[in-house]
Amino acid sequence: MTKLADKIWFNGQIINWEDAQIHVMTHALHYGTSVFEGIRCYDTPNGPVGFRLGDHLRRLEDSARIYGIKIPFALDDMIAASKQIIVANNLKSAYWRPIAFLGECGMGVTPKADRVKVDLAIAAFPWGAYLGEEGLAKGVDVCISSWNRAAPNTIPVLAKAGGNYLSSYLIGKEARDRGYVEGIGLGVNGLISEGAGENLFVMMNGKIYTPPVAASILGGITRDSVIRLAKADGLEVLEQDLPREILYLADEIFMTGTAAEITPIRSVDDIPTRVGGPGKITKRLQTLFHGLFNGTTEDRFGWLDPIESTVPAE
């Protein structure tokens with residue numbers, strides 16, 4: 001077992017990492033019946049903070065609601081537990097992974113109501129840049145995948161559910177097998193959807209374009225943050241359907257996500273963007289975003305949630 005931290009929060013208790021175990025007949029293992037989140041804790045001049053911690057956990061509740069999964073803990077309890085596990089692991093910067101899943105419910109795809117068991121775990125551990133530190137600074141090379149995103153009214157893509165990420169696995173694996181850092185999926189209509197685990201932004205003629213939530217995307221919280229930061233900075237952001245070829249004509253492109261943060265794209269299908277890497281708008285938004293955590297950007301939206309416990313110095 002790979003040990004990423006010393007402790008983990010599991011069903012209301014903080015236990016040793018290696019003791020957080022489930023049975024091989026767990027329903028979620030067989031059928032993908034889990035909902036989860038990715039959240040970052042940043043070390044700031046004022047101590048560690050959760051970035052939009054409450055918003056992420058509310059989305060966890062929303063994902064569970066779509067699937068009729070009743071999480072046996074209230075929102076405030078999950079927020080408190082998330083902070084507790086940061087302190088228990090003596091962390092300042094970390095990645096949170098809360099996950100709610102159907103446990104031992106029998107082998108039926110749809111378990112009987114009196115057999116449903118929902119477990120909740122919250123892990124916190126160090127995790128750097130998802131697509132690499134060099135990628136954050138210089139940009140990454142990506143490709144359009146041969147795999148489309150799920151069609152509307154098949155599986156709900158607005159839910160951050162475990163089973164949905166089989167699509168991400170296929171898109172990402174194909175890209176890496178072909179020598180790219182990441183893949184981009186199109187919708188069933190052939191229009192741009194999102195990356196394997198990231199939302200997309202395209203810059204042309206000083207304007208920012210991004211696919212709408214109806215384009216089979218997860219409505220990312222980092223995506224929403226970037227849109228709001230850009231508009232507050234006087235930039236025009238348009239949410240609209242986008243054809244594949246706009247990626248070949250773009251001045252700049254970047255991906256967003258909790259793990260990826262704001263990662264520039266320097267080429268798509270071996271066609272470089274017009275600036276060939278991080279451009280002026282991308283760099284500006286990176287500065288505004290990371291400024292939230294180094295104190296140079298005002299937290300005007302109330303996104304930073306202090307951990308409110310003294311974490312011993314290393």
Side-chain angles (χ1 to χ4, degrees), residues 1-23 26-29 32-44 47-67 69-105 116-128 130 159-165 197 218 220-222 257-261 293 303-312:
M1 175 185 293
T2 301
K3 187 176 179 180
L4 302 179
D6 291 328
K7 304 289 183 179
I8 189 169
W9 188 97
F10 188 60
N11 285 338
Q13 294 182 310
I14 293 177
I15 61 176
N16 291 331
W17 183 276
E18 57 271 19
D19 294 332
Q21 300 182 19
I22 60 173
H23 198 276
T26 294
H27 195 275
L29 182 61
T33 46
S34 65
V35 293
F36 69 95
E37 277 298 319
I39 315 167
R40 281 200 186 268
C41 176
Y42 288 94
D43 189 20
T44 76
V49 300
F51 179 61
R52 301 190 67 172
L53 176 59
D55 290 337
H56 277 281
L57 292 172
R58 275 187 286 272
R59 187 173 66 179
L60 182 72
E61 290 184 322
D62 289 345
S63 297
R65 179 183 177 87
I66 290 171
Y67 276 95
I69 296 172
K70 296 180 180 179
I71 299 176
F73 295 90
L75 177 62
D76 288 346
D77 294 331
M78 293 191 289
I79 292 173
S82 300
K83 295 180 179 182
Q84 289 167 9
I85 199 60
I86 290 289
V87 177
N89 282 316
N90 193 28
L91 295 170
K92 294 182 178 180
S93 295
Y95 180 89
W96 275 295
R97 171 51 57 88
I99 181 167
F101 57 95
L102 296 192
E104 294 178 65
C105 304
V116 171
K117 179 180 182 292
V118 179
D119 292 305
L120 176 68
I122 303 175
F125 49 89
W127 198 13
Y130 178 58
K160 193 174 176 69
N164 293 13
Y165 279 76
L218 178 70
I221 290 174
T222 306
T258 294
E261 299 176 299
F293 317 120
W303 288 338
L304 307 185
D305 188 352
I307 300 304
E308 296 174 349
S309 294
T310 302
V311 178

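Counting from 1, the numbers follow the sequence of the chain as shown. As the structure is a computational prediction, the values presented were derived from the model and not from experiment.
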J.: Can you see whether H56 engages E37 through a side-chain donor-acceptor pair at a distance of less than 3.5 angstrom?
T.: yes

J.: Strictly below 4.0 Å, N to O, side chains only: are D55 and R58 in salt-bridge contact?
T.: yes

J.: Would you say Q84 and I122 make side-chain contact, with heavy atoms under 4.5 Å?
T.: no

J.: Counting only heavy atoms from other residues, nucleotides and ligands, does the tally under 6.0 Å from NZ of K70 exceed 12?
T.: no

J.: Between I307 and W96, which heavy-atom pair has the shortest distance, and what is it?
T.: CD1-CH2, 3.9 Å

J.: Which atom pair, heavy atoms only, marks the closest approach of G257 to T222?
T.: C-OG1, 3.4 Å

J.: Y67: which residues meet the side-chain hydrogen bond (donor to acceptor under 3.5 Å, both in side chains) condition with it, sequence neighbours left out?
T.: none

J.: Work out which heavy atom in A123 is nearest to a heavy atom in W17; give both atom names and the distance.
T.: CB-CZ3, 4.1 Å

J.: In residues 5-13, what donor-acceptor pairs under 3.5 Å come from side-chain atoms, sequence neighbours left out?
T.:
unit_1	atom_1	unit_2	atom_2	d
K7	NZ	N16	OD1	2.6
N11	OD1	L120	N	2.8
N11	ND2	D119	OD1	2.8

J.: Is it true that a side-chain atom of S63 and a backbone atom of V35 form a donor plus acceptor pair closer than 3.5 Å?
T.: no

J.: Rounded at 0.5 Å granularity, tell me how far SG in C41 sits from CH2 in W127.
T.: 15.5 Å

J.: For a quick test of reading the model, state the closest non-hydrogen atom pair linking L91 to A124 and the distance between them.
T.: CD1-O, 3.7 Å

